[in-house]
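In what follows, a structure is listed as C-alpha cells, so that the remarks can point back to it.
Note that the coordinates shown come from a computational prediction; the quantities given were computed from them, not determined experimentally.
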Amino acid sequence: MFHPKVPTNPTPTGLVSPSAVEPTATVRHTPPPVPAPDPAPVAQSSARPAVQLTPGTAVALVGGGTAVVLIVGAVLVSMLLAVAISGVSVAVCAVVLRSLLASERTHR
C-alpha cells in the first residue's frame with residue numbers, strides 16, 4: 001500500500017523513427033501596399049513630433065517632481081538620523097566602559 005509502483009518501460013532499441021507531420025494550413029505573408037509619394041513634399045524639421053505641454057501635464061510633472069524630491073529627502077534625513085543615533089549610542093557605551101574601567105582601577 002505504501003510502496004510506490006514504478007512503471008516498467010520497454011527497453012530502447014536505439015532506432016527512433018520521426019513521425020510524419022502534415023501541414024494543416026499554408027499561410028502566405030504579403031507585404032503591405034506602399035503609399036504613393038506626394039507630388040509636393042513638405043519640408044519637415046525632424047521625424048519626431050513636437051512635445052506639447054498642456055496645463056494638466058505641466059501640473060502632473062510638477063507634482064511628480066515634488067513627490068520624488070520629498071521622498072528622497074525623507075529617505076536621506078532618516079539615514080542621517082540613524083547615523084546620528086548610532087553615533088550617540090556608541091559614545092554613551094564608550095563613556096560607560098571608561099567609567100567602569102576607571103572605577104575598577106580605584107577599588108583595588
Checklist entry - To the nearest 0.5 Å, how far apart are CD1 in Ile71 and OG1 in Thr66? => result 11.0 Å
Item to check | Under 3.5 Å side-chain donor-acceptor pair for Thr54 and Thr57 | outcome: yes
Next on the checklist: So, taking the atom named CG in Leu80 and the one named CD1 in Ile85, what distance separates them when rounded to the nearest 0.5 Å?
Outcome noted: 10.0 Å
Checklist outcome for this item: Joining Ile, Leu, Val, Met, Phe, Trp and Tyr whenever any side-chain heavy atoms lie under 4.5 Å apart, the cluster holding Val75 also takes in Met79
Checklist entry - Under 4.5 Å between side-chain heavy atoms, hopping through other hydrophobics if needed: is there a path connecting Val68 to Leu76? => result yes
Item to check | All side-chain hydrogen bond (donor to acceptor under 3.5 Å, both in side chains) counterparts of Ser99, not counting sequence neighbours | outcome: none
